[in-house]
Structure formats: C-alpha cells, structure tokens
> 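Here's a structure for you.
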Amino acid sequence: MKKVGVALLGLGTVGGGTYKILTKNRDDIKKNYGVDLEIRHILEKDMSKVKALGANPDIVSCDINNILKDPEIKIVAEFFGGIEPAKSFLVQCLLAGKSIVTANKEMFSQYWHELESAAKKGKAGVYFEASCVGGVPVIRTLTESMQGNNIKCIMGIVNGTTNYILSKMADEGLEYETVLKEAQKLGYAEANPTADVDGYDSMYKLSILSSLAFHTKVPIDKIYREGISNISKLDIEYGKKFGYTLKLLAIGKKENGKIEARVHPAFIPSDHPLAAVKESFNAVHIVGDNVGDIMLYGRGAGDLPTGSAIVSDIVFASLQSKHKYSSFKNNTDKVSDRGFNKDFQCEYYMRLTVKDVPGVIASISAKLAKFKISINSIQQKVEGDKASVIFMLHRTSESSVKKAVEAIKEVDTVYSVDAIIRVEE
Ligand code: NDP
Ligand code: HSE
C-alpha cells in the first residue's frame, strides 16, 4: 500500500472539515484508491481547535520547518487564508518537492504563477479545487473534462455568503446585517466579510475559473467588480414584481477573441436555473461550443463541503506520477488590455426618485435617447409630490449607461438615481 504523509496548514473551518474527512474516511480511501493518507503534521495557533477535533497535540506546531524536514510529508494542504505566511510557506514546500493543495483563492489568484514556478523547480504539483466554489468540482471539470470544447461562457453564483444573504433577504424579508451575522456564524464568510459582500471573493474565483476556461491569464485587475452592500430590500421586492431574482454573479465570456470578466449583482429571470440556487449553495453554468450547456451545483462553502474538495485534491495529487501545469502562459509578465472587453453590454434596471410633475419622464427619456438607450418598460409609484420610477432598459453598453446616469442627475426634477442593476437573460 502506498503511504503518503500529509500536512495541514490551519485547523479552522476548512482545516477542521478536512481533518474530519481524512480521519473518518482513511480506510475507505485506502480500499478505494490504494493510498494511505497519514496526517503527520498540523500548523495551528489555536490549541482549542486541536482539542475540539481530538487531534494529537504532539504533531501540532506553528513552525513550517517541522514540515519541510519530514521527507515522508509529500502533500501540504493550506487553509490559513490571507497572503502571508501562506504563500511563502507553500513556495518553500514546493521547492522541497512537496505538492500543495490550497483553498486560498485570494492568495492563489494573485500568486499562481509564483507557486507554479516553484512547483516546476521542485517537480511538485499545485492543486486548488477548493479555491473555487467549495465542494463543487468545477476546477477538475474545466481541466479534465472540457478538452473537446472552446468555452464561450462561464457564469455562476460562486460566493456562498452573498447568496445566503440575498436568498434570505428575498425569501424571508430579513435585513442585510442580520443575515450577514448568520452567515458568519455558519462559517461561510471570510475572516473579513468585506471580501464576500464587496465581490472580492467572487473576483478571485472568477480570475481562476476564467483563466482555466479561456486558456489565458485573466488577472484580477481585468475584472469589473461590484458587491451587494448597496442593495436594498426595496429593489429585491421591485425585481420580484418584474419576474426577476437578484443574485451576485461572476461572469466570464469570450466573444470575437475578447474576454469579458465581471462580478456584480444582477437580476435574472425567476425561472432561470440560477434563480433556484439558494442559501450557501453555489452553481456554475458553463457553455462549451460542442457540449452546449453544463450546470454544476452544490455547497460552495462550509467545513465538510470544502473539506471534500481538499481531500479529493489530496487523493488526486497522491496518485499522479507527473504533475500538470497551466495550459497558458502563467508568469509575471503584465497582461495587456488588448484581449479584454471592458465596455460590456447588458439590459438594465434603473430606479429613480423624481418630482411628480408633468414632463419628468419625457426629460429622462430624452437623456436616455441622447445615449441611444432604448426603454423596454416604465413603472412608477407616486407618494405625495414624489414618485419612484423604474425604467427597464434594453441592451446597451456600460459606458452609455454611466454617461446617461450623469446626464439624468442634472435634470432638475430628478431627486436621485437610487439604483442601477444589470439584468442578465
Ligand atoms: P479559519 O479562520 O476558520 O481558519 C484558519 C485557521 O488557520 C485559523 O484557525 C487560524 O488561527 C489558523 N492560522 C492562520 N495563520 C496561521 C499561522 N501562521 N500559523 C498557525 N495557524 C494559523 O478560515 P477558513 O477555514 O474559513 O478559511 C481558510 C481558507 O479557506 C481561506 O483562504 C478561505 O478563503 C478558504 N475557503 C473557505 C471556505 C469556507 O467555507 N470557510 C470555503 C472555501 C475556501 P487563528 O484563528 O488563531 O488566526
Ligand atoms: N467566503 C466564501 C463564500 C467561502 O462565502 O463563498 C467559500 O469560498
């Protein structure tokens, strides 16, 4: 029986889930995959977590040298989070010939090239299934199962925290802050939940996913990002009346040789398959030119779902005789803007507060017309001398909408432009 020593960096939510699966399923893994995975060392500061899991305290420390000096440790799985010391520790492990497995999308999306360069030198492997969409096997789908396709689009709900918040706000009418606290308690949210609610976590994941999908490095600075912290319950309610559900989407498209990558809240038709994805569940819709549509669905966060992806990578890594690296140029070179389309097109929902006087709609329509934006429908609700007006706009470019909004704000009967939300059909 092949015996492989494993080290775990961190014993928090993901590390804890991984520890539980590796210990509980050790015999099944031996029987089914012919490899005995032995946890030989753990780095963790907080001994209460070690105690809670019943792990052997003698193999716990905060010193990476305990892992580097053990030749039996072949695989190091990281779930510290953050950039440092995670990156430096993993680079040292790779140079020492130990393969790495990571759930840390923030670090991985920005230092993938550095890890890969160290991996090539150390003839080791770099595995990152858990970095995107928790327990959903999207990385392996992209790298091992789509070779017969050019991927045209990858679109998904890739953050559990924000999906939990938006679902609970829509279905239970709960306030944003209340639901965010629940998501933190459940272990879905990042240490700093700004990463979730402001769309950074989805942006890191989209950078990794779209680089794999389009065989081109898609750095985070090429991704448009907007989070959900400005979303109001009111817009979720109005959207429902129009037949839409609000989701934080990560979208990567390749059209006419140009890549478009964006993360933002979007209304989708309530009968769209992604609209049914609730709570901390995630889903990714991939369109290949030959296979057509593929939809992957499952838990995007949490200890055991993410631990499941980590253990899958550990088993996969332990069975490789030769590790594979990126299908694209993955180095420190600056990626030019040329291959990217930043002025993407969508339909839009626009909510304004206006003075309830004759001609106000005509003034707004004139501004929209100036930027060649066509109106699909208008609804208004009058309260006293004010009206809330909602325009649903036909497909137009982001730059046109931005210019039109600036022009509309100048109309003296417009009090405020309260919300602009993209609509994806
Ligand atoms: P946690 O904060 O729950 O766990 C991290 C653990 O690592 C903590 O116990 C922390 O101790 C410990 N740690 C951090 N740095 C060190 C260090 N230098 N030496 C020793 N111990 C250290 O985070 P999560 O498990 O939630 O997330 C970990 C990673 O996994 C992140 O990159 C996250 O983005 C990713 N991820 C998380 C998912 C989830 O559902 N939570 C899902 C998918 C990916 P202390 O708390 O004392 O600092
Ligand atoms: N904070 C992340 C989320 C964890 O909510 O999706 C999983 O990557």
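Quick note: numbers below take in every heavy atom, side chains included, and nothing from hydrogens, waters or symmetry partners. Atoms within each ligand, like the ligands themselves, are counted from 1 in listed order.
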> Taking the side chain as everything from C-beta on, heavy atoms only, tell me whether Asp221 gets closer than 4.5 Å to Val335.
no

> Have Asp63 and Ser61 got a donor and an acceptor in their side chains that come within less than 3.5 Å?
no

> Please confirm whether Ala191 approaches ligand 1 to less than 4.0 Å, judged on its heavy atoms.
no

> So that I can tick it off, tell me whether Lys324 and Glu144 are bridged by a salt bridge, with the cut-off set at under 4.0 angstrom between side-chain N and carboxylate O.
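Yes, charged N to carboxylate O under 4.0 Å.
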
> For a side-chain contact (heavy atoms from CB on, under 4.5 Å) with Tyr188, tell me which candidate from Thr161, Thr162, Ile165, Leu180 qualifies.
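Passing option: Thr161.
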
> Atom 18 (N) of ligand 1: which of Pro305, Cys62, Pro85 has the nearest heavy atom?
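Among Pro305, Cys62, Pro85, the closest heavy atom to atom 18 (N) of ligand 1 belongs to Pro85.
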
> Determine, counting only non-hydrogen atoms of the protein, whether one lies under 4.0 angstrom from atom 23 (O) of ligand 1.
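It does not: no protein heavy atom is found less than 4.0 Å away from atom 23 (O) of ligand 1.
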
> Please state which protein non-hydrogen atom is closest to atom 17 (C) of ligand 1 and give its distance, to 0.1 Å?
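Nearest neighbour among protein heavy atoms for atom 17 (C) of ligand 1, to 0.1 Å: Phe80 CZ, 3.3 Å.
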
> Pairing donors with acceptors under 3.5 angstrom, does anything connect the side chains of Asp70 and His41?
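The criterion, which ignores hydrogens and geometry beyond distance, is not satisfied for His41 and Asp70.
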
> Which residue supplies the protein heavy atom nearest to atom 37 (C) of ligand 1, what is that atom called, and how far is it?
Val14 CG2, 3.3 Å

> Tell me the protein heavy atom at minimum distance from atom 5 (C) of ligand 1, and give that distance in Å.
Phe79 O, 3.3 Å

> Out of curiosity, is Gly302 lining ligand 1, as in a heavy atom under 4.0 Å away?
yes

> Quick one: do Ser167 and Glu279 satisfy side chain to side chain donor-acceptor pair (under 3.5 Å)? Show the steps, please.
CA-CA 6 Å; Ser167 311; Glu279 304 206 351; over 6 Å; no

> Please write down residue, atom name and distance for the protein heavy atom closest to atom 30 (O) of ligand 1.
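Looking only at protein heavy atoms, the one closest to atom 30 (O) of ligand 1 is Ala103 CB, 3.5 Å.
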
> For ligand 1, which atoms sit closer than 4.0 Å to a heavy atom of Lys49?
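Near Lys49, the atoms of ligand 1 are 8 (C), 9 (O), 46 (O).
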
> Which of the atoms of ligand 1 are close to Gly187, meaning less than 4.0 Å from one of its heavy atoms?
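Close to Gly187: 39 (C), 40 (O), 41 (N).
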
> Which of the atoms in ligand 1, numbered in the order shown and given with their element, are less than 4.0 Å from a heavy-atom of Ala130?
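In order of numbering, the contacting atoms are 43 (C), 44 (C).
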
> Tell me, please, whether Phe328 has Lys217 positioned over its six-membered ring: NZ or CZ under 6.0 Å from the ring centre and within 45 degrees of its axis?
no

> Who gets closest to atom 6 (C) of ligand 1 by heavy atom: Glu44, Glu190, Lys205?
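Result: the heavy atom closest to atom 6 (C) of ligand 1 is in Glu44.
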
> Identify, for atom 3 (O) of ligand 1, the protein heavy atom at the shortest distance, and state residue, atom and that distance.
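Result: Thr13 N, 2.9 Å.
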
> Got a protein heavy atom sitting under 4.0 Å from atom 13 (N) of ligand 1?
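Answer yes: something from the protein, a heavy atom, is under 4.0 Å.
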
> If you draw the axis of the six-membered ring of Phe281, does the NZ or CZ of Arg299 fall within 45° of it and under 6.0 Å from the ring centre?
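Yes; both conditions hold, so Arg299 lies above the ring face of Phe281.
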
> Is it true that Ser117 and Asn331 share a donor-acceptor pair across their side chains at a distance under 3.5 Å?
no

> Regarding Arg351 and the six-membered ring of Tyr238, is the cationic atom NZ or CZ under 6.0 Å from the ring centre and inside 45° of its axis?
no

> Does Arg225 make a cation-pi contact with Tyr200, if we ask for NZ or CZ under 6.0 Å from the ring centre and within 45° of the axis?
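Checked: cation-pi criterion met.
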
> I need the contact residues for ligand 2: any residue with a non-hydrogen atom closer than 4.0 Å to the ligand, ordered by chain then number.
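Under the 4.0 Å cut-off, ligand 2 touches Lys105, Asn159, Gly160, Thr161, Tyr188, Ala189, Glu190, Asp196, Asp201, Lys205, Gly300, Ala301.
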
> Which of the numbered atoms in ligand 1 are below 4.0 angstrom from a heavy atom of Ala301?
40 (O)

> Please list the nearest protein heavy atom to atom 31 (C) of ligand 1 with its residue and the distance rounded to 0.1 Å.
Gly81 CA, 3.6 Å

> Which protein heavy atom lies closest to atom 21 (N) of ligand 1, and at what distance to 0.1 Å?
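The protein heavy atom lying closest is Lys45 N, 3.3 Å.
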
> Distance under 4.0 Å to a non-hydrogen atom of Gly10: what atoms of ligand 1 satisfy this?
7 (O)

> What is the nearest protein non-hydrogen atom to atom 4 (O) of ligand 1, stated with its residue, atom name and distance?
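Of every protein heavy atom, Gly12 CA, 3.3 Å lies nearest to atom 4 (O) of ligand 1.
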
> Using a distance-only test with no angle check, is there a side-chain donor-acceptor pair under 3.5 angstrom linking Asp303 and Thr13?
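Absent: no donor and acceptor within the cut-off.
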
> Using a strict 4.0 Å cut-off to heavy atoms of Lys105, name the atoms of ligand 1 that fall inside it.
33 (C), 34 (O), 35 (C), 36 (N), 43 (C), 44 (C)

> Using a 4.0 Å heavy-atom cut-off, which part of Thr306 comes near ligand 1: side chain, backbone, both, or neither?
side chain

> Do you know the tightest heavy-atom contact between Gly148 and Asn290?
O-ND2, 2.7 Å

> Salt bridge or not between Lys342 and Glu260? Use side-chain N to carboxylate O under 4.0 Å.
no

> Any chance you could lay out the salt bridge (Lys or Arg N to Asp or Glu O under 4.0 Å) test for Arg140 and Asp313, step after step, and finish with the verdict?
CA-CA 9 Å; Arg140 205 102 71 227; Asp313 265 357; 2.8 Å; yes

> For Asn163 and Lys278, which I'm curious about, is there any donor-acceptor pair between the side chains at under 3.5 Å?
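Short answer, no.
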
